[in-house]
Amino acid sequence: MQLMTGPKSFPLLDQIDTPDQLRHLSEAQLPALARELREFLIQSVSRTGGHLAAGLGTVELTIALHYVYNTPDDRLVWDVGHQSYPHKILTGRRARMATLRQQGGLAGFPKRDESPYDSFGVGHSSTSISAALGMAIAAARSDSSRKAVAIIGDGAMTAGMAFEALNHAGDLDANLLVILNDNDMSISPNVGALSNYLARVLSGRTYASMREHGKKVLDVLPPVRELARRAEEHVKGMVVPGTLFEEMGFNYLGPIDGHDLPGLVKTLRNVRALHGPQLLHVVTRKGKGYAPAEANPCAFHGVSKFDLHTGDAPSAPASGPTYTEVFSDWICDMAEHDPTLVAITPAMREGSGLVAFSERFPQRYFDVGIAEQHSVTLAAGLACEGVHPVVAIYSTFLQRAYDQLIHDVALQNLPVTFAIDRAGLVGPDGPTHAGSFDLSYLRCVPNLIVMAPADENECRQMLCTAQRHPGPAAVRYPRGRGPGVVVDKTLDALPLGAARSMNTSPNRAIRFER
């Protein structure tokens, strides 16, 4: 993409403040709009920081959804929200994008009280299918023709909650569309053409009509109907990877090219007319249209302000390590000392500081996907067998595994260490990621030791203490940097129950540390 060097108008994008205005464009104008929207998004996030790569991959999908569906009456639920910036821009918030993730500005995720087009507030992954299913059930109860669409990324599909919702939706025969935004694979030209053609056929009225009439005819002959169903599944299973979803009660469509706007519009129009649960598999490229983001989509998932032309962030003045970096150094050092130590993360390798550990100790590193509940009970099972697991997890993500923390770890008094990142306020990440509740929800758990360091050195000492404690222990530390104290690289633990006075001035509050 050729990026401009100065301010520039966007002939089509400047005309659109609502999706209704978008729907007045001709289909032939949509590719040009996609180019403008992508260029505006890159420029905007380069000035504010935020989530970029995922949104770049959903530009065409977002345009097609708002073009085909009657939003906000039809409900779009964006999973997590990393991919929702194009949605914000097209729904009346383009002028406010300069305030993104700032006090009083736009939220970094969809937020119900920010816009009627944000049908569900998000921030944690894998909630979209459950929420959209609830909306579809509500529409059916009121005899409304309103549609419900969940847009979920392939990473969010690793969470059990997504499959719980899929299982329920298939059983209910609800009018729900789930769009699987798959940005971790590519389609070669030949396979892509075949897949796009197949999806259009499978979503078309002729095929759907034949399928429904066939069901009615064969309902009186159950053995024959079952044979026909299995034959259909085998034929589709040979050319599309949708057998799993079909077995869960969904009509699987795709995969299709998520950057082919005409194909997306045609397929979505077909799908919108179908009855029952539908799953459309859309393949996109994370970082699409911006070379630095395409080359390194992980680095451009969440970014600070950056140079538009190089993709480089401005150099920051030298300073001490972040608490996450203190943890990263500690776990590598402790692993050298303790061969029984293993690290577990629910899909947060970079955010939790486990990149170096995963490279140095690959056989002792377990990324379980977005499965917080499983991560904690997995640690409990390891601890039962003499392994020393460290669960590296954000404070708000640990909320999702509260039952496992209590039932599987604490009540059995198992030696599991919880390294809880992002405890306390998190600045631009917003309230969905602020660790505001962990002190409250951890202090009432039996057998669990909770520690909070005053500085970087104490963070390392408390991690050592937690790892040597014969029961469960948690160390909660904030996002960002500490006061800048020198970190002692030894692996010494602190005595539990001991305190020292930090300030004895009669004119200031006395602070004690344990």
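For the single chain, residues carry numbers from 1 onward in sequence order.
- Results of the salt bridge (Lys or Arg N to Asp or Glu O under 4.0 Å) test with Glu60 over Arg38, Arg285, Lys288 single out Arg38 as the only residue that passes.
- At least one donor-acceptor pair under 3.5 Å links the side chain of Arg23 to the backbone N or O of Tyr69.
- The backbone N or O of Met348 lies less than 3.5 Å from a partner atom in the side chain of Thr345, making a donor-acceptor pair.
- Ion pairing between Arg481 and Glu456 fails under the 4.0 Å rule for side-chain N and carboxylate O.
- For His259, the ring-ring contact (aromatic ring centres under 6.0 Å, His included) test picks out no residue, with sequence neighbours left out.
- Scanning all heavy atoms of the two residues, the minimum distance from Ala293 to Leu56 falls at CB-CD1, 4.2 Å.
- When all heavy atoms are compared, the tightest approach of Pro262 to Asp260 is CD-OD1, 3.2 Å.
- Interatomic distance, Phe250 CZ to Leu166 CG, rounded to the nearest 0.5 Å: 4.5 Å.
- The closest donor-acceptor contact from the side chain of Ser328 to the backbone of Gly353 lies under 3.5 Å.
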- Task: Before giving the answer on ring pair (Phe, Tyr, Trp, His ring centres under 6.0 Å), spell out for Phe357 and Phe361 the whole-Å C-alpha distance, their side-chain angles and the decisive distance to 0.1 Å.
- Result: CA-CA 6 Å; Phe357 184 93; Phe361 307 97; 5.0 Å; yes
- Message: One pair to check against side chain to side chain contact (heavy atoms under 4.5 Å, CB included): His82 and Phe109. What are the steps and the verdict?
- Response: CA-CA 7 Å; His82 299 147; Phe109 303 105; 3.6 Å; yes
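- What you find for Ala423 and Ser395 is that their closest heavy atoms are CA-CB, 4.1 Å.
- Residues Leu308 and Ile42 form a side-chain contact, since some pair of their non-hydrogen atoms from C-beta on lies under 4.5 Å apart.
- In this structure, the side chains of Leu90 and Ile16 come closer than 4.5 Å at one or more pairs of heavy atoms.
- Between atom CG of residue Leu253 and atom NE2 of residue His281 there is a gap of 11.5 Å, rounded to the nearest 0.5 Å.
- Between Asn251 atom CG and Phe245 atom CZ the span is 12.5 Å, to the nearest 0.5 Å.
- Arg349 and Asp367 are not joined by a salt bridge, as no carboxylate oxygen comes within less than 4.0 angstrom of a charged side-chain nitrogen.
- Side chains of Thr284 and Asn181: a donor on one and an acceptor on the other come within 3.5 Å.
- For Tyr402, the ring-ring contact (aromatic ring centres under 6.0 Å, His included) test picks out Tyr441, with sequence neighbours left out.
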- In sequence, state the C-alpha distance, the side-chain angles, and the governing distance for Leu268 and Tyr67, and then conclude on side chain to side chain contact (heavy atoms under 4.5 Å, CB included). CA-CA 10 Å; Leu268 286 172; Tyr67 195 72; over 6 Å; no
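- Taking each heavy atom of Pro389 and Ala379 in turn, the nearest pair found is CG-O, 3.3 Å.
- Not one N or O on the side chain of Asn167 forms a donor-acceptor pair closer than 3.5 Å with the backbone of Phe163.
- With contacts defined as side-chain heavy-atom distances shorter than 4.5 Å, the pair Ile129/Met157 qualifies.
- The aromatic rings of His124 and Phe397 lie perpendicular to each other, with more than 60° between the two planes, well past the 30° mark.
- Between the side chains of Thr377 and Gln404, not a single donor N or O lies within less than 3.5 Å of an accepting N or O.
- With contacts defined as side-chain heavy-atom distances shorter than 4.5 Å, the pair Ser125/Arg400 qualifies.
- Summarising the geometry, atom CG belonging to Asp438 is positioned 9.5 Å from atom OG1 belonging to Thr396; distances are rounded to the nearest 0.5 Å.
- Looking at His337 and Met334, their side chains come closer than 4.5 Å, going by heavy atoms from C-beta outward.
- Judged purely by atom type and a 3.5 angstrom limit, Ser46 uses its side chain to pair as donor or acceptor with the backbone of Gln43.
- Taking OG from Ser128 and CZ from Phe120, the interatomic distance works out to 9.5 Å, rounded to the nearest 0.5 Å.
- Between Lys88 and Glu114 there is a salt bridge, with a side-chain nitrogen of the basic residue lying less than 4.0 Å from a carboxylate oxygen of the acidic one.
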- Query: Going through the distances and angles, do Lys147 and Arg75 end up as a side chain to side chain contact (heavy atoms under 4.5 Å, CB included)?
  - Reply: CA-CA 6 Å; Lys147 305 296 183 181; Arg75 312 301 199 217; over 6 Å; no
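- For His51 and Phe300, the ring centers sit 6.0 Å or farther from each other.
- In this structure the side chain of Ile393 reaches within 4.5 angstrom of the side chain of Glu372, judged on heavy atoms.
- Remark: of the listed residues Thr62, Thr58, Asp118, Asp118 is the sole one forming a side-chain hydrogen bond (donor to acceptor under 3.5 Å, both in side chains) with His87.
- Taking 4.5 Å as the limit, every side-chain heavy atom of Glu336 sits out of range of all side-chain heavy atoms of Asp333.
- By the 4.0 Å N-to-carboxylate-O rule, Arg94 lies too far from Glu36 to be salt-bridged with it.
- For the atom pair Arg360 CZ and Leu354 CG, the distance stands at 12.5 Å (nearest 0.5 Å).
- Residues Cys459 and Phe327 are not in side-chain contact: their nearest non-hydrogen atoms beyond the backbone lie 4.5 Å or more apart.
- The shortest heavy-atom contact between Ile179 and Val149 is CD1-CG1, 3.9 Å.
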- Query: Does the pair Val271 and Val68 meet the rule for a side chain to side chain contact (heavy atoms under 4.5 Å, CB included), with working shown?
  - Reply: CA-CA 10 Å; Val271 172; Val68 172; over 6 Å; no
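- Between Asp329 and Arg460, no side-chain nitrogen of the basic residue sits less than 4.0 Å from a carboxylate oxygen of the acidic one, so the salt-bridge criterion is not met.
- Side chains of His433 and Tyr394: a donor-acceptor N/O pair is absent below 3.5 angstrom, by distance only.
- Note: Tyr290 and Phe306 have tilted aromatic rings, judged against thresholds of 30 and 60 degrees for the angle between ring planes.
- Minimum heavy-atom separation, Ala466 to Val475: CB-CG2, 4.0 Å.
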